[in-house]
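First comes the structure, then the notes that go with it.
Remember, predicted model here, so these are calculated numbers, not experimental data.
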Amino acid sequence: MMKILRTLAGAALALSFAVGGAQAQQVLFWSTQARPVEETQKMRDAVLKGFDGAVDYQVAEDGPWLTRLQAELQAGTGTIGLLGGLHGDFSTVGANLVDLSAVDVGGVKVNEAYKKLGTLGTGEQKYMPWMQATYLMAANKQALQYLPQGVDLNTITYDQLIEWSKNIAEKTGSPKFGFPAGPKGLKHRFFEGFLYPSYTGSMVTKFRSPEAETAWNKFKELWQYTNPNSTNYAFMQEPLLSGEVWVAFDHVARLADAFNQKPDEFVAFPAPAGPAGRGFMPVVAGVAIPKTSPDVDKAKALVAYMLKPETQIATLKATNFFPVVDVKLPDDMPASVKAFGPAIATMTGAPDALPALLPMGLGDLGGKFNQVYTDSFERIVLGGEDVHGVLEQQAAALKALIDQAKAPCWAPDKPSEGACPVD
C-alpha cells in the first residue's frame with residue numbers, strides 16, 4: 001500500500017512539474033484591447049491560434065492593467081509576457097519596456113507615422129503598432145432625403161449636422177440623431193477628440209476658452225434633436241438596427257454590426273468639421289514587452305506574429321481594428337470593413353483633418369481626466385447649467401489632474417515643457 005502511495009505521490013509531483021513547465025512556456029498577453037467577450041474569444045480562437053506556442057490572452061480595464069504591470073515592475077519579476085494597449089497606456093511606463101527595434105517583421109511594411117509614435121520620443125522602439133481604429137458617423141439611408149441642400153457627407157460641418165438632424169426630427173415627428181451617452185458609452189472621446197479640437201484646435205489648453213463655450217452651445221443645439229434614449233446607449237449599432245436612430249456617432253467597432261447585418265441600409269461618413277478643422281481621434285494600439293517578461297525571445301516572436309499580414313487581417317475580422325501594415329484585404333471582408341475603409345481614408349486625408357491623440361502621460365488618472373468631460377456634458381447639456389460657470393469649475397479640476405500627473409501636452413495641443421497648461 002505504501003509503495004502505491006509513493007508511486008502516486010511521485011506521479012502527482014511529476015505532473016505538477018509538467019503543468020508548471022507548460023505554464024512557463026505560455027505567453028501571457030495582458031491587454032486593454034478587445035475587451036468585449038465576443039472579441040476576446042475571437043482573439044483567442046482565431047487570431048492567436050496560428051502562433052507557434054501557447055498564448056494566454058487576458059484583458060483588463062485600464063486601471064487594473066496598469067496596477068498589475070506596475071506591481072510586477074516594482075517587484076523586478078513578473079508573469080506578463082506581452083502587453084497590448086493604446087498609445088497612452090504605454091506613455092507612463094516607457095522606461096520599463098524592452099527595445100523592439102531589432103524585431104524581425106519579415107519585410108512587412110509598418111506604418112511609419114505609427115512606428116514613430118511607438119518610440120515615445122526616445123531612440124528606441126518602445127512599442128510596435130498593432131492595430132488602428134477611429135470613430136465615424138453612420139446614417140440610415142432613409143435619412144439622406146432630409147440632408148440640407150448642397151451638403152456633401154464627406155465634408156459635412158457641425159452646423160450642417162444640426163440642420164440635418166432638425167430636418168429629420170421635424171419631418172418624421174421624432175428626434176433620430178443618436179449619441180452613445182450611456183454609462184458605458186464613449187461620449188468622453190467625442191468631446192476630447194472631436195468636438196473640442198474642431199472648435200478650439202485644442203483638447204486641454206483651451207478647455208474653458210470662448211471657443212469651447214461655443215462648442216458646448218452647439219452641442220446643446222444638436223441635443224434638441226437627439227433621441228432621449230441616448231443616455232442609455234453604449235453601442236450605437238443596436239439603435240441603428242432597431243430604427244430608433246437614423247444618424248449616429250461611435251467607435252467603428254461599435255457600429256460594425258449594423259453594417260454587417262444590414263449592409264444595404266447604412267452609409268458611413270467622416271466626423272463633422274468645425275471652425276478650427278475636422279477634429280478626429282485616431283486610436284493606435286500597440287504591443288510592448290515589459291522588462292520583467294519571463295521569456296523576452298518568445299514575446300518578441302509574438303510581436304512579429306501580430307504584424308504578419310494574415311494575422312492583421314484576422315485581427316480586423318475579430319475586432320474591427322484596421323491593419324497598421326501594408327496589406328491587400330481579401331474580397332470576403334465584412335461589409336463594415338468595406339464601408340468604413342473609404343470613410344476613414346476620407347476623414348484622415350481631408351485638407352482640414354485635425355488629429356487628436358488619445359490622452360497620454362496621465363497614468364492611473366486617465367479615468368478622472370475622462371470624467372471631467374463627462375461631468376461637463378452632464379452638467380451643461382443634461383443639467384442645463386451655465387456653460388461659462390461649469391467650464392471654470394471643471395477647468396480647475398482638469399488643471400489639478402494634469403499638474404498631478406505632470407503630463408506634457410499632446411496633439412492637437414502644442415508641445416509643452418512640464419505639465420500642459422489649462423489657460
Do [X] and [Y] have a side chain donor and acceptor closer than 3.5 Å?
{"X": "Thr315", "Y": "Lys317", "result": "no"}
{"X": "Thr79", "Y": "Glu72", "result": "yes"}
{"X": "Thr157", "Y": "Asp159", "result": "no"}
{"X": "Gln132", "Y": "Tyr114", "result": "yes"}

Ionic contact status for [Y] with [X], cut-off 4.0 Å:
{"X": "Asp257", "Y": "Lys262", "result": "no"}
{"X": "Glu112", "Y": "Lys116", "result": "no"}
{"X": "Arg35", "Y": "Asp62", "result": "yes"}
{"X": "Glu163", "Y": "Lys166", "result": "no"}
{"X": "Glu392", "Y": "Arg208", "result": "yes"}

Test item: [X] side-chain N/O and [Y] main-chain N/O as donor-acceptor pair under 3.5 Å:
{"X": "Gln393", "Y": "Val390", "answer": "no"}
{"X": "Thr226", "Y": "Leu222", "answer": "yes"}
{"X": "Thr40", "Y": "Ala34", "answer": "yes"}
{"X": "Ser198", "Y": "Ala273", "answer": "no"}
{"X": "Asp56", "Y": "Val27", "answer": "no"}
{"X": "Lys291", "Y": "Ala95", "answer": "yes"}
{"X": "Trp30", "Y": "Gln58", "answer": "no"}
{"X": "Asn320", "Y": "Val252", "answer": "no"}
{"X": "Gln312", "Y": "Val324", "answer": "yes"}
{"X": "Glu124", "Y": "Lys126", "answer": "no"}

Checking Arg189 now: which residues fulfil salt bridge (Lys or Arg N to Asp or Glu O under 4.0 Å) with it, not counting sequence neighbours?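 Partners of Arg189 under the salt bridge (Lys or Arg N to Asp or Glu O under 4.0 Å) test: Glu192.
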
side-chain contact (heavy atoms from CB on, under 4.5 Å), that's the test. Do Leu83 and Val287 meet it? Break it down for me. CA-CA 5 Å; Leu83 296 164; Val287 284; over 6 Å; no

Kindly indicate, with the supporting measurements, whether the criterion side-chain contact (heavy atoms from CB on, under 4.5 Å) is fulfilled by Val283 and Phe321. CA-CA 9 Å; Val283 183; Phe321 271 68; 3.9 Å; yes

Would you say the ring centers of [X] and [Y] fall short of 6.0 Å from each other?
{"X": "Phe259", "Y": "Phe266", "result": "yes"}
{"X": "Trp410", "Y": "Phe369", "result": "yes"}
{"X": "Tyr196", "Y": "Phe219", "result": "no"}
{"X": "Phe29", "Y": "Trp130", "result": "yes"}
{"X": "Phe190", "Y": "His251", "result": "no"}

Assess the residue pair Glu244 and Tyr233 against the criterion (side-chain hydrogen bond (donor to acceptor under 3.5 Å, both in side chains)); give the C-alpha distance rounded to whole Å, side-chain angles, the decisive distance to 0.1 Å, and a yes or no. CA-CA 11 Å; Glu244 287 181 37; Tyr233 295 151; 2.6 Å; yes

ring-ring contact (aromatic ring centres under 6.0 Å, His included) partners of residues 375-403, not counting sequence neighbours, each pair once: Phe191-Phe377, Trp223-Phe377

For the [atom1] atom on [X], are there more than 12 heavy atoms of other groups (residues, nucleotides or ligands in this structure) within a distance under 6.0 Å?
{"X": "Lys406", "atom1": "NZ", "result": "no"}
{"X": "Glu170", "atom1": "CD", "result": "yes"}
{"X": "Lys109", "atom1": "NZ", "result": "no"}

Please walk me through it: do Gln33 and Ser31 pass side-chain hydrogen bond (donor to acceptor under 3.5 Å, both in side chains)? CA-CA 5 Å; Gln33 301 305 293; Ser31 177; 5.8 Å; no

Could you walk me through whether Ile313 and Leu316 pass the side-chain contact (heavy atoms from CB on, under 4.5 Å) test, one step at a time? CA-CA 5 Å; Ile313 291 170; Leu316 171 56; 5.5 Å; no

[X] to [Y] - nearest heavy-atom pair and separation:
{"X": "Val387", "Y": "Trp216", "result": "CG1-CB, 4.0 Å"}
{"X": "Asn260", "Y": "Ala335", "result": "OD1-N, 3.3 Å"}
{"X": "Ala356", "Y": "Pro197", "result": "CB-CG, 3.8 Å"}
{"X": "Gly363", "Y": "Thr92", "result": "N-CG2, 3.4 Å"}
{"X": "Ser376", "Y": "Gln394", "result": "OG-CG, 3.3 Å"}
{"X": "Asp250", "Y": "Leu255", "result": "O-CD1, 3.6 Å"}

Quick check for you: to the nearest 0.5 Å, what is the distance between Glu61 atom CD and Leu66 atom CG? 13.0 Å

To the nearest 0.5 angstrom, please state how far the CG atom of Leu354 sits from the OG1 atom of Thr348.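 OG1 of Thr348 is found 13.0 Å from CG of Leu354.
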
Might you work through the salt bridge (charged side-chain N to carboxylate O under 4.0 Å, His left out) test for Lys399 and Asp423, ending with a clear yes or no? CA-CA 9 Å; Lys399 184 178 187 307; Asp423 293 344; over 6 Å; no

Against the six-membered ring of Phe235, is Arg254 placed for a cation-pi contact (under 6.0 Å from the centre, within 45° of the normal)? yes

Ring-plane angle category for Tyr135 and Phe194, please: parallel below 30°, perpendicular beyond 60°, tilted otherwise. perpendicular

Pro421 and its side-chain contact (heavy atoms from CB on, under 4.5 Å) partner, picked from Ile402, Asp413, Thr205: Thr205

Set out, in order, the CA-CA distance, both residues' side-chain angles and the distance that settles ring pair (Phe, Tyr, Trp, His ring centres under 6.0 Å) for Tyr373 and Phe207, then state yes or no. CA-CA 10 Å; Tyr373 293 83; Phe207 180 84; 5.4 Å; yes

Before giving the answer on side-chain contact (heavy atoms from CB on, under 4.5 Å), spell out for Val110 and Asp326 the whole-Å C-alpha distance, their side-chain angles and the decisive distance to 0.1 Å. CA-CA 7 Å; Val110 184; Asp326 280 352; over 6 Å; no

